[in-house]
Number of protein chains: 2
Amino acid sequence: MSTRTPGQRAGLTRPAVLDAARALLARDGLAGLTMRALAERLGVAPNALYSHVENKSGLVDDVLDDVLAEVEAPDPEAADPADGLHALMASTHAVLLAHPDLVPLYLHRGGANGPNAQRLGEVMLALLARADVTGPEGREALRVLIVYTIGFAAFAQPPTEELKANFDAGLRWLLSGIIRS
Amino acid sequence: MSTRTPGQRAGLTRPAVLDAARALLARDGLAGLTMRALAERLGVAPNALYSHVENKSGLVDDVLDDVLAEVEAPDPEAADPADGLHALMASTHAVLLAHPDLVPLYLHRGGANGPNAQRLGEVMLALLARADVTGPEGREALRVLIVYTIGFAAFAQPPTEELKANFDAGLRWLLSGIIRS
DNA sequence: ACCTGAACACCGTTCAAGT
DNA sequence: ACCTGAACACCGTTCAAGT
């Protein structure tokens, strides 16, 4: 099984580990993402992963933020604030639906906290500010929108058109309440 | 360790198993709820549980619905629809906060589906109907409110007063959007 | 620093056998 | 029908040793 002896290198890198983790997740879901399965896919011993990742929890954190790189954020200056927020949340929703097994993890950890998550948060706050929702109220609205979007993605067990429409309807209700308040 | 030989009964019942599971969950969280730990707490062999529960997934389903029995539902005829919905969702939110480890499971499974969940759903639909939100729109609003409430409970990592206020603010936004539409 | 081998302390579940 | 004993096929993680 193993073509190497102790001391020989496999040429693993941290990005390669994360890529393999994403691929495993896409194919086998969350239950399929085990350190041992990941090691096998990479052709290394299970514990070799610990040279590149602190532990499984840290690996998942990185994967979570990586996925958010796919979200299309509008230019916070160009778009109409309400339209921009709707587009941003809809894009987030779509990206999350492509990774349904990850969604409970986002909620459990209170969203992602990596660079991608931070960038999206700043765009949202900028859009809210342009709609005169600022300060503590802005942060409240930010959290409400994030919770709503992740929550709905988690709910969409198989993503149907009906649930997508449901998400849009609720998002409009929410935004109309936030911005008119 | 084991005071019994094969063939002797331990006097297990299904409610006793569920009670122990809830207690284990309250004390050690989701990670602590294992079939083996549950068996040890009940003083039986791990596989003895399978005489009372189909598998771990079924056990969790039952626990999930049990928890919802604690939610205080208003009389759908007595309350003002908007106030009744707000009270019902707030009570659900509070109950979920008391069981934070369960919340990701509610989302992952699209909410509970047992008798308690069904009862609450019917009360919500009745209140929405009294606010003239009926048919497909009523079911949309139902899902939006459920997703929002569970999602926010999942987000409240340690439940702070700030997040509770945040939940209330968002809920008002949402209800004002739903009922005025 | 990066990897293997081996081990530790766990999992959920099944199967056969006892009363 | 309800339970034990034993086993199967897994987990994540750590420790020592090799280059």
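Below, chains carry the letters A, B, ... as their sequence lines are ordered, and counting in each starts from 1.
Each of B:Ala37 and B:Pro6 lies near DNA chain C, and the nucleotide nearest B:Ala37 is the one positioned closer to the 5' end. Toward the 5′ end of DNA chain C lies the nearest nucleotide of B:Pro46, the other residue of the pair B:Arg9 and B:Pro46 mapping further downstream.
When the P atom of D:dA16 is taken as reference, atom OH of A:Tyr50 falls 17 Å away, rounded to whole Å. Taking atom CZ on B:Arg4 and atom P on D:dT4, their separation rounds to 5 Å, with Å as the unit. One interatomic measurement links the two molecules: CG of A:Leu49 to P of C:dA1, which rounds to 18 Å at whole-angstrom precision.
Base contact: A:Ser51 has a heavy atom under 4.0 Å from a base atom. Residue contacts shown for A:Ala10 are limited to sugar-phosphate atoms, with no base heavy atom under 4.0 Å away.
When ring centroids are compared, B:Phe152 and A:Tyr148 stay outside the 6.0 Å threshold.
Closest to the A:Arg36 side chain, of the nucleotides D:dC2, C:dA7, C:dT4, is C:dA7.
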Taking only distance into account, with no hydrogens and no angle test, what donor-acceptor pairs under 3.5 Å do side-chain atoms of residues 10-20 of chain A form with protein atoms, sequence neighbours excluded?
from	atom 1	to	atom 2	distance (Å)
A:Thr13	OG1	A:Ala16	N	3.2
A:Arg14	NH1	A:His52	O	2.8
A:Arg14	NH2	A:Asp62	OD2	2.3

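Within residues 27-35 of chain A, no residue is approached by DNA chain C to less than 4.0 Å at the level of any non-hydrogen atom. The stretch residues 53-66 of chain A touches DNA chain D through A:Asn55, A:Lys56, each having a heavy atom under 4.0 angstrom from the strand. Remark: nothing in residues 11-23 of chain B comes within less than 4.0 Å of DNA chain C through any heavy atom.
With respect to the salt-bridge test (charged N to carboxylate O, under 4.0 angstrom), the residues A:Arg139 and B:Glu162 do not qualify. Of the charged side-chain nitrogens involved, at least one lies within less than 4.0 Å of a carboxylate oxygen, so that A:Glu70 and A:Arg22 count as a salt-bridged pair. Salt bridge A:Asp168/A:Lys164: present, at least one basic N to carboxylate O contact under 4.0 Å.
The same atom, P, is picked in D:dA9 and in C:dA9; the two are 23 Å apart, to the nearest Å.
Between B:Asn113 and B:Leu64 the shortest side-chain heavy-atom distance does not fall below 4.5 Å. Residues B:Leu102 and B:Leu96 form no side-chain contact, since every pair of their non-hydrogen atoms from C-beta on lies 4.5 Å or further apart. In this structure, B:Thr134 and B:Leu128 have side chains that are not in contact, with every pair of non-hydrogen atoms separated by 4.5 Å or more.
Within 6.0 Å of the CD atom in A:Gln8, the count of heavy atoms belonging to other residues, nucleotides or ligands exceeds 12.
Scanning both residues, B:Ala21 and B:Val63, for their nearest heavy atoms gives CB-CG2, 3.9 Å. In this structure, A:Val147 and B:Gly151 approach most closely via the heavy-atom pair CG1-C, 3.2 Å.
From B:Asp65, atom CG reaches atom CZ of B:Arg119 across 9.0 Å, with rounding to the nearest 0.5 Å.
Consecutive Watson-Crick or G-U pairing (both distances under 3.5 Å) extending over three or more pairs maps onto DNA chain D as C:4-8 with D:12-16, C:12-16 with D:4-8.
Note on B:His52: every side-chain N or O is 4.0 Å or more away from OP1 and OP2 of D:dA1.
Listed for the B:Thr92 side chain is a donor-acceptor partner under 3.5 Å among the backbone atoms of B:Leu88.
With sequence neighbours excluded, no residue forms a side-chain hydrogen bond (donor to acceptor under 3.5 Å, both in side chains) with B:Asp80.
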